[in-house]
Amino acid sequence: MPILQDKKILLTGLLSSRSIAYGIGKALKREGATLAFTYAGQSMKERVEKLAPELGGGMVMSMDVTKQDEIDAVFAKLGCEWGGLDGIVHSIGYAPREAIAGDFLDGLSRSSFMTAMDISAYSFAALGKAGRELMKGRDASMITLTYLGAVRALPNYNTMGVAKAALEANVRYMAQSLGQHGVRVNGISAGPIKTLAASGIAGFSTMLKNFAAATALKRGITADEVGNVAAFLMSDWARAMTGEILYVDNGFSQMATGLDDGGEKPKE
Ligand code: NAD
Ligand code: 0WE
């Protein structure tokens, strides 16, 4: 039995067939959900219009999250077309390139910090606020995508890590605020995946290899695997879970590194 039958879900962050949002969209569709899609900027419109039919089709709307009028227009349209909303998938993140490479303080600037915060953290709460009326009393669910850099200092992730920390705090405060309306709010902390956002990050392929080797399961993560956890969180099977960050990382975050004994056998 599909677990998302009759659920109407807004899917943001679709950009390519490698997007985490694409893996999520496939799982949501498979489980019977009806989707609507957003893109950021006119240049992305065609890309998303091409991908949407593979995910069962539906409304495709412009929503650059730095523009409040675009956020408002999306929820006005959803109100007209659907009359209510059962879920929102937030799969959006951005920091200017110089703020996610090299030394944290060398790359730091007020403007890049504010951009990262606006697009990667503020936007999730903004979607909760804009979608609140449509989601009330429907056992709705919101999810966002985060990364371990929110809670640990990792090389190069830098300003994005600070923005993800704010995003994870957003999850808890939004869960507190929206709980009274039956709306749940959770985050998925995914292991590294080679998406468009990740390509062009120097050394990413090496990082992927090192990551896989340091996981408990000794392998990398796919967007489809993230999608299955997302489908669960959007479903009523997760109705008692809110304010949580779930790690979908093959156990990486729960392992310690640097203690390798090089295969040394104990003496006698
Ligand atoms: P992606 O490039 O496919 O998706 C990023 C999305 O952010 C794009 O669809 C882009 O249009 C959107 N976006 C950027 N600026 C926007 C704006 N102003 N308004 C609206 N949308 C905007 O890459 P992805 O890896 O699928 O990223 C999705 C999410 O997953 C991000 O939050 C990212 O931080 C998170 N994440 C990624 C990884 C990874 O290794 N790829 C790991 C953990 C978490
Ligand atoms: O959240 C992310 C990446 C998000 C991202 C990617 C880009 C590339 C293009 C945000 N902003 C930008 N800005 C751009 O100009 N991840 C979890 C993937 C990621 O990004 C890293 C990582 C990992 C993992 C950056 C440095 C180090 C590790």
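Values in this document were obtained by computation on a predicted structure and should not be read as measured data. First listed ligand is number 1; within each ligand, the first listed atom is number 1.
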Atom 15 (N) of ligand 1 [closest protein heavy-atom partner, distance rounded to 0.1 Å]: Ile119 CG2, 3.6 Å
Any chance you could measure Ser253, atom OG, to Arg152, atom CZ, to the nearest 0.5 Å? 6.5 Å
Numbering as shown, the atoms of ligand 1 that approach Thr195 to under 4.0 Å (heavy-atom distance): 23 (O), 24 (P), 25 (O), 26 (O), 41 (N)
Ligand 2-proximal atoms of Ala101, by part, heavy-atom distance under 4.0 Å: neither
Selection from Met160, Met207, Arg47, Lys164 by shortest heavy-atom distance to atom 33 (C) of ligand 1: Lys164
Considering heavy atoms of the protein only, find what lies nearest to atom 19 (N) of ligand 1 and give residue, atom and distance to 0.1 Å. Val65 N, 2.9 Å
Atom 3 (C) of ligand 2 - nearest protein heavy atom and its distance: Tyr157 CE1, 4.3 Å
Which is it for Tyr147 and ligand 2 at heavy atoms under 4.0 Å: side chain, backbone, both or neither? side chain
Using the side chain to side chain donor-acceptor pair (under 3.5 Å) definition, which of the options Asp139, Thr34, Asp86, Asp236 pairs with Lys7? Asp236
Say whether Met44 and ligand 1 are in contact under the criterion: heavy-atom distance to a ligand atom below 4.0 Å. no
Tell me which protein heavy atom sits closest to atom 11 (N) of ligand 2, plus the residue, atom name and distance to 0.1 Å. Ala95 N, 2.9 Å
CG/Leu28 to CD1/Ile9 distance, rounded to the nearest 0.5 angstrom? 5.0 Å
Nearest-neighbour protein heavy atom for atom 23 (C) of ligand 2, which is reported as residue plus atom name and distance: Phe204 CE1, 3.5 Å
Check contact between Pro96 and ligand 2, using heavy atoms of the residue and a distance below 4.0 angstrom. no
The single option from Met59, Glu70, Met63, Met44 that satisfies side chain to side chain contact (heavy atoms under 4.5 Å, CB included) with Thr38 is Met63
To the nearest 0.1 Å, how far is atom 41 (N) of ligand 1 from its closest protein heavy atom, and which atom is that? Ile193 O, 3.0 Å
Which of the atoms in ligand 1, numbered in the order shown and given with their element, are less than 4.0 Å from a heavy-atom of Pro192? 40 (O)
Return the OH to CG distance between Tyr173 and Leu178, rounded to the nearest 0.5 Å. 14.5 Å
So do Phe75 and Ile88 actually touch side chain to side chain, heavy atoms under 4.5 Å? yes
of all protein heavy atoms, closest to atom 10 (C) of ligand 1 is Leu15 CD2, 4.4 Å
Here the atoms of ligand 2 under 4.0 Å from any heavy atom belonging to Asn156 are 26 (C), 27 (C)
Is the closest N or O pair between Ser19 and ligand 1 shorter than 3.5 Å? yes
At a 4.0 Å cut-off, with the gap strictly under it, does some heavy atom of Gly191 reach an atom of ligand 1? yes
What I'd like to find out is whether the side chain of Tyr39 reaches to under 4.5 Å of the side chain of Arg47, using heavy atoms alone. no
Parallel, tilted or perpendicular: ring planes of Tyr157 versus Tyr147, cut at 30 and 60 degrees: perpendicular
So Tyr247 and Leu148, do their side chains get closer than 4.5 Å, heavy atoms only? yes
Please examine the side chains of Met255 and Thr215, heavy atoms only from C-beta on, and report whether any two atoms are closer than 4.5 Å. no
Taking only heavy atoms of Gly13 into account, list the atoms of ligand 1 that are under 4.0 Å away from them. 4 (O), 6 (C), 8 (C), 9 (O)
Among all the protein's non-hydrogen atoms, which is closest to atom 25 (C) of ligand 2, and how far away is it? Ile201 CD1, 3.6 Å
Atoms of ligand 1 under 4.0 Å from any heavy atom of Asp64, numbered from 1 in the order shown, are 17 (C), 18 (N), 19 (N)
Spacing of Asn170 atom CG and Ser123 atom OG [to the nearest 0.5 Å]: 8.5 Å
What's the spacing between Lys136 NZ and Leu134 CG if we round to 0.5 Å? 10.5 Å
Ser91 near ligand 1 by a heavy-atom separation under 4.0 Å: yes
Is there a path of hydrophobic side-chain contacts, each under 4.5 Å between heavy atoms of I/L/V/M/F/W/Y residues, joining Phe124 to Met114? no
His181 versus Arg132: any side-chain heavy-atom pair under 4.5 Å? yes
When you compare ligand 2 with Met207, is there at least one nitrogen or oxygen pair between them that comes in under 3.5 angstrom? no
Side chains of Thr12 and Leu127: does their closest heavy-atom pair fall under 4.5 Å? yes
Would a 4.5 Å heavy-atom cut-off, applied to side chains only, mark Tyr22 and Arg18 as touching? no
Using a 4.0 Å cutoff against the non-hydrogen atoms of Leu145, which atoms of ligand 1 qualify? 29 (C), 30 (O), 32 (O), 35 (C)
Do you reckon Trp82 sits in the same ILVMFWY cluster as Met234, going by side-chain contacts under 4.5 Å, direct or chained? yes
Shortest protein contact, atom 13 (N) of ligand 1 (heavy atom only): Ile92 CG2, 3.8 Å
Give the atoms of ligand 1, by number and element, whose distance to some non-hydrogen atom of Leu14 is under 4.0 Å. 9 (O)
Atom 11 (O) of ligand 1 sits nearest the protein heavy atom Ala40 CB, 4.0 Å
His90 near ligand 1 by a heavy-atom separation under 4.0 Å: no
Just to confirm my output: which protein heavy-atom neighbour is closest to atom 9 (C) of ligand 2, and how far is it? Arg97 NH2, 3.4 Å
Protein residue, atom and distance nearest to atom 36 (N) of ligand 1, heavy-atom basis: Ile20 CD1, 3.9 Å
What protein heavy atom sits nearest atom 7 (C) of ligand 2, and how far away is it? Ala197 O, 3.3 Å
Atom indices of ligand 1, in the order listed, that fall short of 4.0 Å to a heavy atom of Met63: 19 (N), 20 (C)
Is there side-chain contact between Asn156 and Ile201, with heavy atoms separated by less than 4.5 Å? no
Could you list the atoms of ligand 1 found under 4.0 angstrom from a heavy atom of Thr146? 43 (C), 44 (C)
